[in-house]
Amino acid sequence: MKRYLYNYQTIVDFSEAVPFHAVMLRCQPAGNACQTVEQEHLVVSPDYWLQAGCDAFGNRILYGGSTEPHGSFAYVSTGIVTTDVYQIKYAGENLFMYKQPTTLTAIQEPLLATPDNVLGAASAICDWLSDNIVYQPQCTTVETTASEVLERKRGVCQDFAHLMIALCRQRGIPARYVNGFIVGEGETHAWVEVFDGYSWLGFDPTHARRISDGYVKLAHGRDVRDCSVSRGLYTGQATQQTTIHVTLQEI
Amino acid sequence: MVKNTIISAAKANSLYWLGRYEERVYVTLHLLRKCYDKMIDGDFDDYWPIRQRLDVAGRYKTNEEFTLGIMYDDSNPDTVIAAQTRAMDNAILLREDILSETLSYLEMSLALMKECRGKQEKNVICMQPVIDWSLAFWGSAEQRLKNHKALYLMMMGRNIENLDMLLRFDYDFERIALAYDSVKHYFRQMPNIVDEQVEEQLDGLLVQERFDLGDVEYKNGLLKLINQLVKL
Amino acid sequence: MNIRINELIDSRDTVNKWMERFGVRFGVYKHGVFNEQLFPFDSIPRIISHSDWAYLEKGLKQRVTALNKFLWDVYHDKRIIKDGIVPEEFVYSSKGYMPECEGINPTGGVYAHIAGIDLVEGKDGQWYVLEDNLRIPSGASYPMIAREITRKVSPQTFTQNAVTENRNYSKLLSTMMDEMNDGRGISVILTPGRYNSAYFEHSYFAEKTGATLAYPGDLFVEDNKVYYAGIYKEKTRVGCIYRRVSDEYMDPLLFEASSLLGIPNVMQAYKAGNVALINAIGNGVADDKGIYYFVPKMVEYYLGEKPILQNAPTYLPYFKKDYDYVLENIQRLVIKDVSEAGGYGVVFGKDLSKEQLEELRNLIIDQPRRWIAQEVIDFKDLEILEEDKLVERKADLRAFVVSGKETHVWSSGLTRFSRNPDSFVVNSSQGGGFKDTWVMEE
């Protein structure tokens with residue numbers, strides 16, 4: 001069992017006041033069999049109404065907005081989490097959803113032989129990705145598809161995750177996209193959970209490894225679109241600049 | 001069904017501009033008829049001032065070109081058909097407020113204009129139904145608009161357009177003072193919508209002692225202020 | 001039945017003039033440019049006898065009731081899947097299935113408040129359902145206004161013939177909206193805007209029901225409730241949204257992020273039971289081409305009744321028996337791609353060359369789940385007046401079923417006909433026209 005202090009901070013700066021801004025956030029750690037939230041705090045810009053809820057995939061969400069003209073939006077989500085071995089018991093989710101390709105995860109199968117068992121296959125896919133795809137920051141966008149990544153052979157954690165999901169699903173292995181924090185400082189991270197028939201197991205294709213500890217999960221979904229940490233929409237002509245800072249420290 | 005008494009910003013805008021454009025159709029036709037009447041006698045000095053104001057940009061060479069142009073040229077924003085089209089563009093967004101019957105007068109007017117244009121009908125009298133329908137439109141709107149605020153917005157547009165046109169065509173002080181008074185009548189119904197500073201300035205300018213439309217600066221100043229009166 | 005319609009036919013031009021006067025149009029995009037056209041009206045009505053209608057009415061009510069139960073079941077207990085009546089892949093791989101709707105309880109448990117069921121009459125007098133439209137079926141405004149006009153222009157016709165009133169459609173709508181609103185606030189019709197092909201209908205319904213026509217940007221969510229925004233920061237609570245915006249554009253924070261047509265967080269307000277959405281979100285799973293096959297089975301499963309209305313005979317290559325039959329008889333069947341919408345992905349076996357047939361056969365062998373096959377129905381043609389000649393054309397009937405606290409079938413419908421003598425496609429965007437649909441009182 002490990003304990004971590006997490007701190008997630010986002011500041012959205014608008015170039016001019018916006019009259020309306022609506023948001024949907026998934027910035028609080030998930031509670032599950034191998035992850036317990038000991039304490040948590042949330043600080044959000046005043047003037048925003050916010051409600052807690054749950055999305056279609058069982059993730060915690062915060063949603064709300066502001067109808068008063070304002071020039072920025074800032075929030076901090078911080079707290080302490082304890083984690084156990086990364087193995088999340090099946091809780092009756094609809095597995096069919098996680099076996100179907102989505103727009104972001106549909107590919108033409110590359111030649112890649114994998115073992116029949118789920119663990120072996122997932123590990124082989126991780127290895128293949130690290131041999132064939134180069135990690136290169138800022139070379140893709142949030143809309144980049146797995147098929148494009150396969151073609152260009154480079155990407156960031158989101159792209160590694162999408163491609164791994166695509167390869168798993170082609171083998172009939174239910175796989176889902178996960179957003180969360182990784183030990184250290186920087187931005188949020190993305191990885192994959194595969195279903196072995198009993199539990200969901202974590203794999204980090206960007207680092208080509210099965211996950212044991214050092215990861216705190218926020219949310220999962222069919223691909224990134226289902227579980228973005230922050231989605232927003234505002235009216236007016238302003239442009240926005242977003243600064244994100246994440247810290248995850250073992251304590 | 002619970003009645004909605006709230007008017008959205010976009011709708012308020014459409015109501016106001018519908019009022020303005022529909023009034024422009026009416027006044028433009030009125031002035032064109034006046035000009036046409038004077039052109040019959042062919043006395044240049046008599047018709048030229050009004051013709052010149054209707055065709056500010058001087059697009060049309062002959063009197064015939066001018067008459068056809070002011071009625072049917074939709075590439076020129078100052079024509080009857082252009083104003084009618086814009087009135088229609090706003091009205092189409094308001095069907096549930098003004099009702100189909102009211103809207104139909106504009107549909108018929110536009111259809112008639114297009115038909116007359118197709119025939120290149122030169123006699124201004126062919127537009128008489130448009131004048132009739134315009135008045136029917138106003139009567140129908142007044143009868144059918146259940147939301148008073150919506151009606152005021154339209155009437156505000158109508159009266160401001162009227163005032164604007166009278167100024168452009170150098171009407172005398174009495175007519176303009178009267179038109180301004182009508183505008184103010186509707187302001188009192190919806191004080192929220194008026195820019196009070198602009199109103200104060202206009203009050204100061206639209207007095208007998210200062211009234212001089214021959215003074216270009218004075219006239220343009222008035223026109224500018226009138227178009228800033230309503231906050232929408 | 002002794003029908004006298006000569007006067008009505010003679011007044012065709014007057015009727016069309018009135019259509020113009022009321023602005024009865026629909027929008028079409030051609031090469032990216034928006035254009036509005038009058039929807040060509042043929043004054044010879046489609047006439048449905050009292051007894052035929054009694055049969056259709058009963059069948060439509062039954063079918064829509066079952067479809068509503070199916071939608072509830074799919075997003076809740078999933079009994080029909082667990083009991084093996086509908087295979088799960090047909091549900092979950094349908095584009096219309098929306099996981100975001102799981103567990104949501106729409107007001108009154110109603111999903112398809114307005115259902116448009118497309119029917120055709122065969123030469124044998126038998127009616128067949130071709131398609132269920134449970135998302136945003138459109139077109140009811142046209143026969144409504146056509147009736148308004150024909151009664152004005154040719155009152156005699158309606159003195160002589162006992163035609164059931166159809167202008168009460170707006171009353172059906174407003175009553176249903178009131179019931180779904182449940183006193184929460186005003187009701188609105190949400191239109192994508194002026195340049196939507198059905199804009200006339202949106203604004204006409206608003207006029208006739210007394211609902212407010214709302215545009216994107218007029219509505220917003222605050223504290224889980226929906227409001228209509230007025231000038232000067234006024235706002236009023238919205239209890240019911242008859243939305244003419246597709247599912248995927250309704251909430252940009254949950255679905256299409258780029259959508260400018262939707263209302264951010266409306267799904268949360270909907271989930272909290274603070275607003276009724278008409279129709280419910282997620283209905284696409286029940287009007288999917290693949291699910292269509294199972295609708296008669298739903299009737300038996302949920303209602304314990306024999307289905308009154310028939311589907312066009314349909315085969316699912318997914319099932320072994322049908323698979324063999326389809327591969328054997330492909331040259332005389334209609335093959336439809338389940339994943340394609342509208343008239344796309346529909347192929348008539350008889351139109352294909354030997355090579356093309358073989359190609360299609362291989363596609364079916366490759367992905368049996370993707371296809372359905374149907375027998376070609378011999379439509380009964382309807383007479384239309386072209387110039388001054390009577391000609392026969394293919395036509396269908398879209399019947400409208402409105403469900404609030406109770407389910408009502410509108411005693412009329414949109415009859416669309418194809419202008420092209422060889423075409424089965426009666427879509428208005430492809431140049432077809434429409435007729436009024438008369439349901440006879442006796």
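Throughout, a chain's letter reflects where its sequence line sits, starting with A, and its residues are numbered from 1. Heavy atoms only: backbone and side chains are in, while hydrogens, waters and symmetry mates are out.
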Leading residue by heavy atom contact count with chain C [cutoff under 4.5 Å; candidates B/A111, B/A12, B/S104, B/A10]: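 Ranked by heavy-atom pairs under 4.5 Å with chain C, first place is B/S104.
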Closest-packed option against chain C by number of heavy-atom pairs under 4.5 Å, given B/I193, B/L103, B/L232, B/L110: B/I193
How far does [atom1] of [X] sit from [atom2] of [Y], to the nearest 0.5 angstrom?
X      : Y      : atom1 : atom2 : value
B/L94  : C/E207 : CG    : CD    : 11.5 Å
B/E96  : C/Y204 : CD    : OH    : 13.5 Å
C/T236 : B/K3   : OG1   : NZ    : 12.5 Å
B/M190 : C/I231 : CE    : CD1   : 5.0 Å

Interface residues of residues 178-189 of chain C facing chain B - heavy atom cut-off under 4.5 Å: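 Hits under 4.5 Å: C/D178, C/G185, C/I186, C/S187.
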Exercise: identify the closest heavy-atom pair between B/S8 and C/D218: CB-OD1, 3.7 Å
Per-residue contacts, residues 119-137 of chain B versus chain C, heavy atoms under 4.5 Å: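 Answer by number: none.
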Within 6.0 angstrom of B/Q143 CD, more than 12 heavy atoms from elsewhere: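 It does not: B/Q143 CD has 12 such atoms or fewer within range.
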Over 12 non-hydrogen atoms of neighbours within 6.0 angstrom of NZ in C/K171: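 No.
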Side chain proximity check, B/L93 to C/Y199, heavy atoms < 4.5 angstrom: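 The answer is yes, as the side chains (C-beta and beyond) meet within the 4.5 Å cut-off.
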